Amino acid sequence: MDSVIAVISEVNAAVKGVVWGPVMLVLLIGTGLFLSIRTGFLQFTRLGYAMKRTIGSIFGSHHHTRDEAGVSPFQAVATAMAGTIGTGSISGIATAIVAGGPGAVFWMWISALLGMVTKYTEIVLSLKFREKNAAGQWVGGPMYYIRRGVRCRRIAGVLAALFAIFAMAACLGTGNATQSNAISLALESTLHIPPAATGIVLTVLVGAVILGGLRRISSVNEKLVPLMAVFYVVCALAALVINIRAVPAAFGLIFKEAFSVRAAAGGAAGYGIMRAMQMGFARGVFSNEAGLGSAPIAHAASSTKEPAEQGLWGMFEVFFTTIIICTLSALTILTTGLYTGGLDGAALSIASFEAILPGIGGIVVTLATVFFALSTILGWAYYGEVAVGYLTRGSRRAMLIYRLIYVVTVFVGAVGSLDLIWSISDTMNGLMAIPNLIGLISLSGVAAKLTKDYFADK
């Protein structure tokens, strides 16, 4: 058995090295730049309008109105953000800083600015090519816009099926097991709660929500996502206000190290820049999922009739998760200077908050991890269900079986050791991006026309 696991690990490591290597990162950034050009750099020219139409009018009735075929626009974005704001917004940023230096934060910002248009385009196409399932509900996502939009039907069918397969696998790993594992570890280390107890409670809670379908998932996320986001932002801002004198120096370090040509020990000059870029881009993509094709699945269920209108929420998602949430996490870490002390991941985040907020810093990060990871589990549950529905032509039996497997996986993740599963899930995430990016580039003209038509009278 050990030899089989070793072989699987080696094969996965080789594939992952390609999937998340420099070529993939260049493809992701290149796609974002290409789509920015095609849409007239929407993230800059229409940013004010996008913020006004999304978060600026959050209490407007049009954001909370739904029909029988879908959920409200805000419920759709809450479900999408539930899957996006995960533990990567805390521990992922810590890892990026340790591996790539403070300069990684700058390149994370660059990836987010380009990712805003990538996610906008994904959502626009998702609504344009969505369709109704047997229950009369809207379903969509990369598999649908690839199959219905890409001209070469044979290639389109293969790419769409591959995306659905990769998404289904990633949902059980990245979106589920690894998240429940993060929750159990956080509660065990801070509050000394046994993983088995955490697993039982999580399993019952998640089962009660996802067995109720999209309406129940979106209803819970509509309340959970704003709560967890406000909680973390307030705590992080409080920490930075207390440590305000170190904030300017932290920003200066970010810009200075982003273009550093200092050589690592035994390395060549230029390693600093390349490593910072690689880690910044990779963590940026992980934090906002722009290009992976996951969030458009949730947005496709929106009752919104105008694709570009819902697409604006995608721009807001990337801006909020990466530019705001991840930046707050990064500044908290950098202002303490603990990133050079050998800590990494969640341990570094906890130590940084604890250094500024003694006695409560660890609890803040623990609660944030629980909220973020739980919302991710709920959000990705729907992604996997749509993928299964696509592959089985809407079989209700298949989707029910998937839900049951998903619920059981929550417990397995909470009590197990998941290094290999996490690694394989990362690979599945990267593989999802390949057919999706091909679809985005192929259908960029459609998205550009829809954008032009929408803003013609704005």
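Note that the structure is a prediction, hence the values are computed from the model and not measured. Positions are given from 1, in the same order as the sequence printed here.
- Nearest heavy-atom pair, Val415 versus Ala196, reported as atom, atom and distance to 0.1 Å: CG1-CA, 3.8 Å.
- One side chain, Trp109 or Thr327, offers a donor N or O that lies under 3.5 Å from an acceptor on the other.
- Thr332 contributes atom OG1, which lies 11.5 Å from atom CD1 of Ile93 (distance to the nearest 0.5 angstrom).
- Inter-residue side-chain proximity for Leu114 and Gln43 is flagged as met; some heavy-atom pair is nearer than 4.5 Å.
- Side-chain atoms of Glu131 and Arg148, non-hydrogen and from C-beta on, do get closer than 4.5 Å to each other.
- With no hydrogens or angles considered, a side-chain donor-acceptor pair links Glu289 and Ser294 at under 3.5 Å.
- Proximity of Ile123 to Pro307: side-chain heavy atoms (C-beta onward) are nowhere separated by under 4.5 Å.
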TODO: Report the C-alpha separation of Tyr339 and Ser352 in whole Å, then their side-chain angles, then the decisive distance to 0.1 Å, and conclude whether the side chain to side chain donor-acceptor pair (under 3.5 Å) test is met.
DONE: CA-CA 9 Å; Tyr339 64 95; Ser352 297; over 6 Å; no

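- Under a 4.0 Å N-O distance rule, the pair Lys128/Glu306 does not qualify as a salt bridge.
- Interatomic distance, Met432 CE to Met168 CE, rounded to the nearest 0.5 Å: 12.0 Å.
- Distance CD/Gln310 to OG/Ser302: 3.5 Å, rounded to 0.5 Å.
- Side-chain atoms of Lys119 do not come within 3.5 Å of backbone N or O of Pro296 as any donor-acceptor pair.
- A donor-acceptor pair under 3.5 Å is formed between the side chain of Arg130 and the backbone N or O of Ala300.
- Side chain to side chain, Tyr390 and Asn133 fail the donor-acceptor criterion of an N or O pair below 3.5 Å.
- The OG atom of Ser329 lies 12.0 Å from the CD1 atom of Ile324; values are rounded to the nearest 0.5 Å.
- At distances below 3.5 Å, at least one donor-acceptor pair connects side-chain atoms of Glu354 with backbone N or O atoms of Gly362.
- The closest donor-acceptor contact from the side chain of Arg147 to the backbone of Gly157 lies at 3.5 Å or more, if one exists at all.
- Aromatic ring pairs are classed by plane angle as parallel below 30°, tilted from 30° to 60° and perpendicular above 60°; the pair Phe316 and Phe320 is parallel.
- Here the closest non-hydrogen pair linking Thr118 and Thr31 is OG1-C, 4.5 Å.
- Within the 3.5 Å criterion, the main-chain N or O of Gly337 finds a donor-acceptor partner in the side chain of Thr340.
- Here the side chains of Phe163 and Leu292 are not in contact, with every heavy-atom distance at 4.5 Å or above.
- Judged by distance alone, with hydrogens and angles left aside, the side-chain atoms of Trp107 form a donor-acceptor pair with the main-chain N or O of Ala258 at under 3.5 Å.
- Summarising the geometry, atom CZ belonging to Arg53 is positioned 8.0 Å from atom CG belonging to Leu312; distances are rounded to the nearest 0.5 Å.
- Contact annotation: the side chain of Leu328 approaches that of Leu237 to within less than 4.5 Å [non-hydrogen atoms, C-beta and beyond].
- No side-chain donor-acceptor contact under 3.5 Å links Ser395 to the backbone of Thr392.
- Between Tyr232 and Phe353, the angle of the ring planes lies from 30° to 60°, which puts this pair in the tilted group.
- Between atom SG of residue Cys235 and atom CD1 of residue Ile356 there is a gap of 12.0 Å, rounded to the nearest 0.5 Å.
- Met228 is listed as a side-chain neighbour of Ser375, based on a closest heavy-atom distance under 4.5 Å.
- A pairwise comparison of heavy atoms in Ala250 and Leu334 identifies CB-CB, 4.0 Å as the closest pair.
- Distance alone, capped at 3.5 Å, is enough to place a donor-acceptor pair between the Asn436 side chain and the Gly291 backbone.
- Between the side chains of Asn288 and Thr322, at least one donor N or O sits under 3.5 Å from an acceptor N or O.
- The backbone N or O of Ser184 sits nowhere less than 3.5 Å from a side-chain atom of Thr198 that would complete a donor-acceptor pair.
- Side-chain contact check for Leu404 versus Val408: every heavy-atom pair is 4.5 Å or farther apart.
- Side-chain contact between Leu374 and Gln179 is absent, with no heavy atoms from C-beta onward closer than 4.5 Å.
- Judged purely by atom type and a 3.5 angstrom limit, Tyr382 has no side-chain atom pairing as donor or acceptor with the backbone of Ile210.
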